[in-house]
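Note on naming: letters A, B, ... go to the chains in the order of the sequence lines (proteins, then strands), and numbering restarts at 1 for each one.
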Amino acid sequence: MDYEALDFYEVDSLLSDEERMVRDMVRDWVDEEVIPNIENACREGIFPDEWRVALGEMGVLGAPLKGYDCPGLSYTAYGVICRELERGDSGLRSFASVQGSLAMYPIWDFGSEEQKMHYLPKMASGEWIGCFGLTEPDYGSNPGDMITKAEEMEDHYILNGAKMWITNGTMADLAVVWAKLDGVIRGFIVEKNDPGFSAPEMKGKHSLKASVTSELVFQDCKIPKDRILPGVKGLRGPFSCLNNARFGISWGAIGAAQACFYSAKDYALSRIQFDHPIASYQLVQNKLSWMLREITKAQLLAYHLGQKKDDGKWIPEHISLAKMNNVDIALEIARVARDIHGANGILDEYPVMRHMANLESVKTYEGTHDIHNLILGRHITGIQSFTREI
Amino acid sequence: MRFTIIAEMNGDLLHPTTYQLIGAISEIGSESIVICPNGKGSSEASKIKGVEKIISVNGDCFDLFDGSAWASAINSVCEGTIVASASPNGREIGSIIAAKRKIPIIQDVTAISSGITVTRPIYSGKATETLKINGDSVITLRPNAFESAEVGNDAPISIVDQTSDVRVAVIEAINKASERLDVTEADIIISGGRGMGSIDNFSHLESMADTLGAAVGASRAVVDEWGMPHRMQVGQTGKTVSPSLYIAVGISGAIQHLAGMRSSKYIVAINKDPDAPIFTVADYGIVASWEEALPILKSELMKLS
Amino acid sequence: MNIAVLLKQVPDTTAKITISNGKVDENSVSKWSMSPYDEYALESGLKMKEATGGNLIAITCGPERTKKMLTDAAAVGADTLIHISEDKVLDSTQVQNLLATVINNNEIEVVLCGKQAADTNAGSTGPGVAEILDAACVTMVSEVSFSENSFISVRPSNTGTEKVSTSGISVFTFDKGLSELRRPNVRGIMMAKKKVIETIKPEELGLGEDSDRIILQTQDSPAEKEPGQIFEGVGEIPTIVSKLRNEANVI
Ligand SMILES: Cc1cc2nc3c(=O)[nH]c(=O)nc-3n(C[C@H](O)[C@H](O)[C@H](O)COP(=O)(O)OP(=O)(O)OC[C@H]3O[C@@H](n4cnc5c(N)ncnc54)[C@H](O)[C@@H]3O)c2cc1C
Ligand SMILES: Cc1cc2nc3c(=O)[nH]c(=O)nc-3n(C[C@H](O)[C@H](O)[C@H](O)COP(=O)(O)OP(=O)(O)OC[C@H]3O[C@@H](n4cnc5c(N)ncnc54)[C@H](O)[C@@H]3O)c2cc1C
């Protein structure tokens, strides 16, 4: 049966023609190339290289960036792309988020003209893959205290330290690494063959299995002087990247939720117990109607946030709210969908358990659910509560 | 009202649909002029009830198929409402004649009444429409949708020589061993399940598929356990199909299998267990082992072609 | 070389068709798509354009909504988009005349279209247009190429397939082709957005309307199937086969 995206309030009718065309392009590709292969990719724990090539050919990487052979689409279009990709799998969307918002964006916003011309066209075409190194083994929610550091030498920088949980790390051609130079956080571009740099893969994930997650290790890693991002200092650098990625996630989560809803509805209508389809029982209908309600709200939230982002009238807290809410409901929808599928729900024949497990990561990365609560708490009260010192 | 029928050929013989075209027009109370391209089948056609006269149109242009050359030659002797088979050639010739005469064409008609009013399926059979035609037109009739006319006539045959320009030249014939169709493309699918006993017995399904021009499908049990190719699997985790006819042999009809084929237009099931769930979706069920049923089914089908 | 591709927008083959008051309710069609065989014609046209450095002109006739399909065609590479804007349902002669007039006005050397459109499944347009243009016509082709002043196409024959050649202006109607259909990309979509669609009214082509020669009486849902019949044993197989043939028309 052909996928029918739940869109109860016809929110997609508010999209521009161009945004709808991009949606259809990505949706068709996900139907034809991703859904049939995703379980295999998960079982083998790989991100298929054909997907990198196809994303580059479709021209969706770094979607909202303009110039340097980047797509130049709206932020809303970027959101739609994330949603359609994540309907396939959160790992696929993670790849695109990291490439576009976490690796291309900092070069585009904070890089030198030479850096932009050198890296962006090849990253937009998918030829080069990027990753983003912020999190460290001991510093997750609190990256400001990172210990990875850079030292300035006569004609190069030396990096020392380690990053962890880095999406795309092992397969990346370049890493945007955040490290302290004289105590100030700065961004550096590290290429895969730089001496003293390695990126071993982290194995054993129960979540985002079709996404590569790695450590980045710097042991007296030597990089040329022209690899520092000149345009930013401090946490603002990584946080601007995260704002964009989180924006995409707030749309992406809807895709995962739509996939779970679709599977649950289909299953409930065809599964017969006590002589009738389980969809005819009120308890099951209650679950489905709850899903419909939450997905519809999430869609309106994401659409409006897209408009604000395109108009430049947004604050980071707007994005925190959408990321937190939409991932939260998507995860709960995946769990309820799993329940509706009964035992079948635990099989890889159905997408629900995969989405459920994926969304656990999505809830944690890009600012955990509770960190976004704290961001909003600070916004409401004016009192930060990340640490005990007020 | 006058009707001209373009006879449908099967090599040098009349195709059975020619009898149906004549039967359909007789049914609405009219006799027909029947055109036999290159004279083929003209004496056979003259014996069919409801034929007023036969015109045998002869010429070199019939040596190979060029729809516009055929249409030019045939058009010269047509009059009134022109009726052809909704076969690929019939449709093409009909379209060109309609364009020549500047009259509309209605293709793939499944019912006709005097006046004339015709019915045809639209949207791949998801709806039908009934149209009233004012004035002359070309209509093509769906094969097997009308009763055949009977034999018992001796209509006169006249011969007309016609030439027309052939603009299509065959430069190479490529013979192909008939490849088996893919399940997603086939109009008829014969699927086997675990009840077939072993993979070797699928040869029975294949030979029947060849008779029908059908594709062979399989249940997942057979794909997983006997190593049939996955592209043959019909069902939730295989292909979703909606052919005109789906024949399920030795398949129990698990919900996941039904998910892939229940929208087929007609479903025939052969299963030795009368309680097999496949029978709940079957239009025609045969409670028997395939060993008994397939040979009879096959010989009945052979009789048709 | 100017290559014309005739495109028709139809309800997506997965869309549900609902009838209300004796007519198909077009507003309830959830998705409109390019008719599937037309997609192969378009793909082949794009290949020919690339091989010959030609100009691909996509032409459609229909209401406002069909413009979206022209933009989709531009996203994969159509150069010129022509929309014959007509809200009414036209009969075959009217449609063919409109298309042929536009083709004549654009100095076109080859016309590609689907072997039939997925709404009426008629297949009248290609051959009819060929006749009006006085062009050669080959139907149900799977590929077409241009070399040494002639078009080489492959069509089915009794024994397999055959390669045929035509010269001068030619019309080809496509069956499912051999080549994979190309996907659009963002760059194509952005260019398509900027492309102007030339809109023509039938009156501007000097084609007055004929009096209605085809009058739609009703549209209906297909007749309900009879409930299933289950037979014990093999005795009724001949009956089943004859029903499949004569009532169901499926063999
Ligand atoms: C699959 C995957 C991919 C990732 N990809 C990347 C990547 O590409 N690049 C990158 O830099 N990072 C990446 N990360 C890391 C991710 O951003 C961090 O995991 C995240 O920031 C949380 O850090 P942590 O895991 O150390 O959890 P912690 O910060 O230790 O948090 C643990 C728990 O404590 C809570 N908590 C923490 N502080 C507070 C507080 N002040 N008040 C109340 N509760 C608190 C959190 O909400 C959470 O529930 C990835 C993670 C995963 C799982
Ligand atoms: C998540 C999931 C997805 C699945 N996806 C698919 C799918 O895509 N496609 C699919 O087909 N299955 C699928 N299945 C498997 C499905 O549940 C069934 O197990 C499978 O369809 C059974 O195949 P069968 O009918 O061939 O075998 P059985 O269920 O073993 O049925 C064999 C039948 O043959 C009959 N029989 C035996 N001998 C004869 C004889 N001599 N003559 C006539 N009849 C005979 C028996 O009466 C019986 O009804 C899926 C299962 C799951 C859990």
query: Yes or no on side-chain contact (heavy atoms from CB on, under 4.5 Å) for C:D119 and B:I122, after CA distance, side-chain angles and deciding distance?
result: CA-CA 6 Å; C:D119 48 3; B:I122 49 174; over 6 Å; no
field: Under 4.5 Å from any heavy atom of chain C - which part of B:A98
entry: neither
- request: Against chain C, label B:K265 side chain, backbone, both or neither, depending on which of its atoms sit under 4.5 Å from a heavy atom there.
  value: backbone
field: Which atoms of C:D134 approach chain B - backbone, side chain, both or neither, heavy atom under 4.5 Å
entry: both
- prompt: Contact part of B:F146 toward chain C, heavy-atom cut-off under 4.5 Å: side chain, backbone, both or neither?
  reply: neither
query: Contact part of B:I133 toward chain C, heavy-atom cut-off under 4.5 Å: side chain, backbone, both or neither?
result: both
message: Is B:I93 close to chain C through its backbone or its side chain, or both, or neither, when contacts mean heavy atoms under 4.5 Å?
response: neither
Check: C:S124/B:Q107 side-chain N/O donor and acceptor closer than 3.5 Å: yes
- prompt: Is it the side chain or the backbone of C:K176 that comes within 4.5 Å of chain B heavy atoms, both, or neither?
  reply: side chain
query: Where does C:A130 contact chain B at under 4.5 Å (heavy atoms): side chain, backbone, both or neither?
result: neither
message: Does any backbone or side-chain atom of C:T173 lie under 4.5 Å from a heavy atom of chain B? Answer side chain, backbone, both or neither.
response: neither
task: Would you mind checking which part of B:P104 comes under 4.5 Å of any heavy atom in chain C, side chain (CB onward), backbone (N, CA, C, O), both or neither?
output: both
query: At a heavy-atom separation under 4.5 Å, does C:Q116 approach chain B through its side chain, its backbone, both, or neither?
result: side chain
- prompt: Do B:S95 side-chain atoms and C:P127 backbone N/O form a donor-acceptor pair below 3.5 Å?
  reply: no
- request: Could you tell me whether the side chain of B:R91 and the main chain of C:A122 form a donor-acceptor pair under 3.5 Å?
  value: yes
message: Could you go through B:F65 and C:R155, starting from their C-alpha distance and side-chain angles, then the distance that decides it, and tell me whether this counts as side-chain contact (heavy atoms from CB on, under 4.5 Å)?
response: CA-CA 11 Å; B:F65 186 73; C:R155 69 174 182 184; 4.0 Å; yes
message: At a 4.5 Å cut-off on heavy atoms, which part of B:E147 comes close to chain C: side chain, backbone, both, or neither?
response: neither
- prompt: Is a side-chain donor or acceptor of B:K126 paired with a backbone partner of C:A15 at a separation under 3.5 angstrom?
  reply: yes
- request: Could you tell me whether a side-chain N or O of C:S92 sits under 3.5 Å from a main-chain N or O of B:I105, the two making a donor and an acceptor?
  value: yes
- prompt: Step by step, would you call C:C137 with B:E92 a side-chain contact (heavy atoms from CB on, under 4.5 Å)?
  reply: CA-CA 9 Å; C:C137 177; B:E92 181 175 346; 3.9 Å; yes
field: Residue pair B:A293 / C:I237: nearest heavy atoms and the distance that separates them
entry: O-CD1, 3.7 Å
query: Of the backbone (N, CA, C, O) and the side chain (C-beta and beyond), which part of C:I251 lies under 4.5 Å from a heavy atom of chain B, both, or neither?
result: both
message: So for B:T117, is it side chain, backbone, both, or neither that comes closer than 4.5 Å to the heavy atoms of chain C?
response: side chain
field: B:N144 and C:R245 side chains, donor-acceptor separation under 3.5 Å
entry: yes
- request: Start with the C-alpha distance between B:N134 and C:D212, add both sets of side-chain angles, then the distance that settles side-chain contact (heavy atoms from CB on, under 4.5 Å), and finish with yes or no.
  value: CA-CA 8 Å; B:N134 292 327; C:D212 291 334; 5.6 Å; no
Closest non-hydrogen atom pair between C:K163 and B:I174, with its separation: CG-CD1, 4.4 Å
- request: State, to 0.1 Å, how close C:I17 and B:A127 come at their nearest heavy-atom pair, and which atoms those are.
  value: CG2-CB, 4.2 Å
Residues forming a side chain to side chain contact (heavy atoms under 4.5 Å, CB included) with C:P222, sequence neighbours excluded: none
Region of C:A135 in contact with chain B, defined by heavy-atom distances below 4.5 Å: backbone
task: Of all the heavy-atom pairs spanning C:I132 and B:A99, show the shortest one and how long it is.
output: CG1-CB, 4.3 Å
query: Contact part of B:V118 toward chain C, heavy-atom cut-off under 4.5 Å: side chain, backbone, both or neither?
result: neither
message: So for C:A100, is it side chain, backbone, both, or neither that comes closer than 4.5 Å to the heavy atoms of chain B?
response: neither
query: Where is the tightest heavy-atom contact between B:E300 and C:V241, given as atom of each residue plus distance?
result: CB-CG2, 3.8 Å
message: Using heavy-atom distances under 4.5 Å, tell me whether B:S264 contacts chain C through its side chain, its backbone, both, or neither.
response: backbone
message: Need one label for B:P243: side chain, backbone, both or neither, based on atoms under 4.5 Å from any heavy atom in chain C.
response: neither
field: Region of C:E232 that comes under 4.5 Å of a non-hydrogen atom in chain B
entry: both
